[in-house]
Structures are given as C-alpha cells and as structure tokens.
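Okay, structure first, notes after.
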Amino acid sequence: MKGPELTVTLLLCWALAGAGRAEDQPPPEPAAANPEVLTVATWGGSYEESQRRAYFEPFTEATGIEIKTVPYNGGIEDLENHLGSGEARWDVIDMIQSDASVACDQGMLESIDPEILVPAPDGTPPEDDFMKDAIQPCFITQIVFSTVIAYNDQAFPGEKPDSVEDFFDLETFPGKRALRRSPVGLFEWALLSLSVPPEQLYDLLSTPRGLELASERLDSIRESIIWWRSGEEPAALLASGQATMATGYNGRFFHARVVNGVPISVIWDGQLIGFNSWAIPRGTPRRGQAEAFIAFATRTDRMAAQANLISYGPTRASARKRIGLHTDNRVSMLPHMPTAPGHMDSAIQRDHDWYSKTLDLRQKWFKAWLEK
C-alpha cells in the first residue's frame with residue numbers, strides 16, 4: 001500500500017482511534033506522503049472565515065492536506081450542474097439539511113460511515129452527543145443557524161421595528177426590503193405577518209389558499225424588494241443604506257455588528273431555524289480524505305472553536321458546553337445564538353420534510369410570482 005491509498009488509511013485510522021477515549025481529543029496524525037488538495041464547496045464571507053480558522057487551517061496543519069474552497073450559495077442546482085459536468089472537482093459540500101436530504105435521495109451524495117465520528121472528550125458516543133437526526137447516511141449536520149430579519153438602527157431613530165409584521169409595514173417603517181432570491185422563508189414570513197400561528201404555517205402552505213395568501217402579502221411590498229443571493233449581501237445592503245430592513249443569516253449580522261461595528265439590530269421574532277450539514281458529492285476520488293476532514297471538523301473542540309467565532313450553534317452537546325467569549329473581541333457568544341433565552345419564543349422550526357417534498361412546487365410558484 002502506498003501513496004493516496006496509504007494516506008486515506010492513516011487518516012481513517014486516526015478518526016477511528018477516538019472510539020471509547022475518555023480524555024480530551026488529541027490532534028490527528030500527519031498524513032502520509034503526497035497529500036492531495038481537498039476542495040470544499042461553501043458559503044464565503046465571515047462564515048467561511050470562521051471555517052477557515054476552526055477547521056481548514058488546523059486540518060492542514062495536522063495532516064498536510066491543503067483545503068481549497070469554491071463558492072456555493074445553497075440549493076441543489078449547483079450540485080446537479082457540477083455532477084453533470086462529468087468532472088468530480090468537489091470533495092466536500094456544506095449544505096442546508098433539507099437540500100442534503102434531497103441530494104441524498106437523488107443519489108448525488110456518497111454515503112458516510114458513522115464510525116468515523118469521534119466520541120466526546122468525556123467518552124460519550126457520537127450518537128448520544130449529536131442532536132437527534134444529525135447523523136444521516138449521506139450527511140452529518142453540524143450547526144444550527146437561523147434566518148432572521150434585521151434593520152439599520154440609523155434608519156429608524158424613533159420607533160424601532162420588532163416583529164415580522166413590521167417588515168411588511170412600509171408606512172411606519174419605510175425603505176427597501178432585502179430578501180433572498182429563493183423560495184425559502186418568504187412563505188412563512190408572509191403568513192406569520194398575517195397572524196397565522198407558527199405551528200399552522202406548513203399545513204396552510206400545503207394548500208392553494210396558503211400560497212395565495214402568501215403571494216398577496218408579498219405583493220404588498222413587491223416594489224420595495226431588493227433581492228440578494230450570497231450571504232454577505234444583506235449586511236452590506238444595510239450598511240450602505242440601500243435597504244433599511246433585510247433578511248439574512250444571524251451569524252452574518254452578528255459579525256457585521258460586533259466585529260465590524262455596523263449599527264445593525266436583529267429582530268428575533270419569526271426567526272427561521274435551520275441546519276447545515278457536511279456531505280460528500282458523488283464520485284470524488286478523495287472520498288477517504290473527505291471523510292477524514294468531516295471526522296476532524298465534527299470533533300467537539302473544532303465545533304466549539306467555530307461557535308466562538310460566529311454565532312451559529314454546534315449540534316454536539318459537548319461543543320455547546322464550550323461556548324464562551326468571542327475569540328478576538330471577548331464578546332459573550334451565548335446571547336447571540338438562535339437558541340438564547342427569549343429568542344425561541346416565536347421561532348419557526350423549518351419543516352425540512354416539507355421543504356424536501358416541495359422543491360419543484362416552490363420553485364415553480366416563485367418563478368411565476370416573479371414574472372407576474
């Protein structure tokens with residue numbers, strides 16, 4: 001055995017060596033000679049920067065395997081196009097859980113051996129340490145995030161918006177609204193602003209009447225919408241004054257305010273709870289190294305390291321116990337997490353089963369609404 005084959009074997013031996021260990025998790029052994037470059041498709045900006053510091057650089061330092069990143073902004077279309085090109089260039093992809101579920105069902109992902117996952121430092125097995133349903137045949141769910149509404153403090157010097165309903169109130173809170181150009185969250189917020197209870201959203205959205213109500217509500221702000229595609233855009237639109245309110249990922253708004261000093265406030269009312277997962281695109285010739293990376297990135301210490309850089313919650317209980325102060329500016333991280341006390345009072349639990357089953361319907365509805 002030699003070359004890449006030996007490299008993969010040594011890396012997996014390192015991953016498997018954690019089983020049953022009671023002490024803290026040791027660093028992995030260096031890879032064998034001729035380590036290859038591993039390509040990770042991920043989301044850019046401050047989120048990718050947190051991954052670089054918590055995962056990519058430590059993995060490279062420990063194994064010698066360089067991490068190269070390529071841009072990815074969610075959905076399965078980009079993955080379909082990548083696989084359709086016939087050239088396997090992506091080795092790992094960071095996907096929304098519902099997208100990963102669809103991709104897995106459609107055979108676009110490799111299976112992942114759960115035995116690669118390392119126990120918690122106190123010896124707790126991964127299946128007891130990860131949150132329910134985090135360990136799946138094709139993906140490992142790693143973070144809890146939320147899509148929230150935020151606003152520029154300076155746009156509203158008097159009364160401040162504090163609800164989803166205020167996002168649709170152009171009279172009291174004038175200005176442009178930035179929304180992701182994708183049928184994600186739009187439906188829920190439109191109905192929530194009409195006082196539909198969170199627990200009834202997905203039942204109503206499963207009917208033509210629910211989609212009609214959402215469509216009519218979005219019509220009321222159609223002329224004030226600015227569309228965004230990448231995760232960094234909402235905070236930039238608020239900072240520049242192009243939008244007064246925006247939807248976006250809570251960690252990006254946290255970074256803009258706490259690290260860059262942009263006067264942005266988050267409205268936790270109606271936050272849409274979601275999950276991101278590590279997966280391996282079908283056909284990569286570096287599957288063993290990809291599994292070794294996922295084993296490394298889902299260790300307790302690595303997940304906690306990321307949570308102390310950006311306000312996304314780890315899916316391991318042992319990592320959540322290690323959330324403390326921001327690594328650089330010493331801000332307490334827990335009050336900025338989606339699951340902080342008070343933030344979950346009116347949260348929407350994204351129904352991933354509904355999302356995975358309505359992919360075509362949502363895309364057709366959204367396209368038709370845009371063209372009206």
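The structure displayed is predicted, hence computed values, not measured ones. The chain is numbered in sequence order, starting from 1.
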>> Looking at every heavy atom in both Ala243 and Ile226, which two are closest together, and how far apart are they?
In response: CB-CD1, 4.3 Å
> Under 3.5 Å, side chain of Lys176 to main-chain N/O of Glu223, donor-acceptor pair present?
Replying inline: yes
> Can Phe296 and Ile116 be said to form a side chain to side chain contact (heavy atoms under 4.5 Å, CB included), step by step?
Replying inline: CA-CA 9 Å; Phe296 179 79; Ile116 68 168; over 6 Å; no
>> Between Asp94 and Gln51, is there a side-chain donor-acceptor contact under 3.5 Å, judged purely by atom types and distance?
In response: yes
>> Can a side-chain donor-acceptor contact be found between Ser240 and Gln242 if the only test is distance below 3.5 angstrom?
In response: yes
> What is the minimum heavy-atom distance between Pro121 and Thr300, and which atoms define it?
Replying inline: CD-OG1, 3.3 Å
> Is the cationic atom of Arg177 (NZ for Lys, CZ for Arg) positioned less than 6.0 Å from the six-membered ring centroid of Phe167 and within 45 degrees of its normal?
Replying inline: yes
>> Any side-chain to backbone donor/acceptor pair from Tyr151 onto Gln154? Under 3.5 Å, distance only.
In response: no
>> If only side-chain N and O atoms count, and only distance matters, is there a donor-acceptor pair under 3.5 Å linking Asp129 with Ser318?
In response: yes
>> Please report whether the ring centroid of Phe293 lies less than 6.0 Å from that of Trp278.
In response: yes
>> Looking only at side-chain N and O atoms, does Ser50 offer a donor or acceptor that is under 3.5 Å from a partner on Gln306?
In response: yes
>> Quick test of your reading of the model: are Lys364 and Asp360 salt-bridged, counting only N-O distances below 4.0 Å?
In response: no
> Can you name the closest pair of heavy atoms from Leu192 and Pro198 and give their distance?
Replying inline: CD1-CG, 3.8 Å
> When you check the side-chain N and O atoms of Asn250 and Tyr312, is any donor under 3.5 Å from an acceptor?
Replying inline: no
> Same hydrophobic cluster for Leu361 and Leu370, using side-chain heavy-atom links shorter than 4.5 Å among ILVMFWY?
Replying inline: yes
> Per the side chain to side chain donor-acceptor pair (under 3.5 Å) rule, which among Arg282, Glu77, Arg89 passes with His82?
Replying inline: Arg89
> Between the side chains of Asp269 and Ser346, does any donor sit under 3.5 Å from an acceptor?
Replying inline: yes
> Under 3.5 Å, is there a donor-acceptor pair between the Asp169 and Thr172 side chains?
Replying inline: yes
>> Hydrogens and angles aside, do Trp354 and Ser206 bring a side-chain donor and acceptor to less than 3.5 Å of each other?
In response: yes
> Taking atom types as modelled, is there a side-chain donor on Ser230 or Glu233 under 3.5 Å from an acceptor on the other?
Replying inline: yes
>> Would you call the rings of Phe275 and His352 parallel, tilted or perpendicular, taking 30° and 60° as the class edges?
In response: tilted
> Is the Trp227-Phe366 ring centre distance short of 6.0 angstrom?
Replying inline: yes
> Once you round to the nearest 0.5 Å, how far does NE2 of His336 lie from OG of Ser311?
Replying inline: 7.5 Å
> Any donor-acceptor pair under 3.5 Å linking the side chain of Gln142 with the backbone of Thr315?
Replying inline: no
> Run the side chain to side chain contact (heavy atoms under 4.5 Å, CB included) check on Thr69 and Phe56 step by step: do they pass?
Replying inline: CA-CA 10 Å; Thr69 62; Phe56 303 157; 3.6 Å; yes
>> So Val118 and Pro126, do their side chains get closer than 4.5 Å, heavy atoms only?
In response: no
>> Please check this pair: side chain of Arg362 against backbone of Pro183, looking for a donor-acceptor N/O pair closer than 3.5 Å.
In response: yes
>> Do Tyr355 and Ile96 have side chains that approach each other closer than 4.5 Å (heavy atoms only, starting at C-beta)?
In response: no
>> Assess the residue pair Tyr202 and Glu188 against the criterion (side-chain hydrogen bond (donor to acceptor under 3.5 Å, both in side chains)); give the C-alpha distance rounded to whole Å, side-chain angles, the decisive distance to 0.1 Å, and a yes or no.
In response: CA-CA 8 Å; Tyr202 292 103; Glu188 293 94 325; 2.6 Å; yes
>> Is a donor from one side chain sitting under 3.5 angstrom from an acceptor on the other, for Thr284 and Asp91?
In response: yes
> Salt bridge between Arg287 and Glu110, side-chain N to carboxylate O under 4.0 Å?
Replying inline: yes
> If we ignore angles and hydrogens, is there a donor and acceptor under 3.5 Å between the side chains of Asp219 and Trp369?
Replying inline: yes
> Got Thr141 and Asp133 here, is their nearest side-chain heavy-atom distance under 4.5 Å?
Replying inline: no
> Which pair of non-hydrogen atoms, one from Phe130 and one from Ile140, has the smallest distance, and what is that distance?
Replying inline: CE2-CG2, 3.9 Å
>> Which label fits Phe254 and His326: parallel for a plane angle under 30°, tilted from 30 to 60°, or perpendicular past 60°?
In response: tilted
> Between the side chains of Ser277 and Gln136, is a donor N or O closer than 3.5 angstrom to an acceptor N or O?
Replying inline: no
>> Restricting to non-hydrogen atoms, name the atom on Pro58 and the atom on Arg302 that form the minimum distance, rounded to 0.1 Å.
In response: CG-NH1, 3.7 Å
>> Between the side chains of Lys321 and Asp122, is the shortest nitrogen-to-carboxylate-oxygen separation below 4.0 Å, so that they form an ion pair?
In response: no
> For Asp153 and Ser265, does a side-chain donor sit closer than 3.5 Å to a side-chain acceptor?
Replying inline: yes
> Between Leu334 and Ala340, which heavy-atom pair has the shortest distance, and what is it?
Replying inline: O-CB, 3.3 Å
> Regarding Glu165 and Ser193, is there a side-chain donor-to-acceptor distance under 3.5 Å anywhere?
Replying inline: no
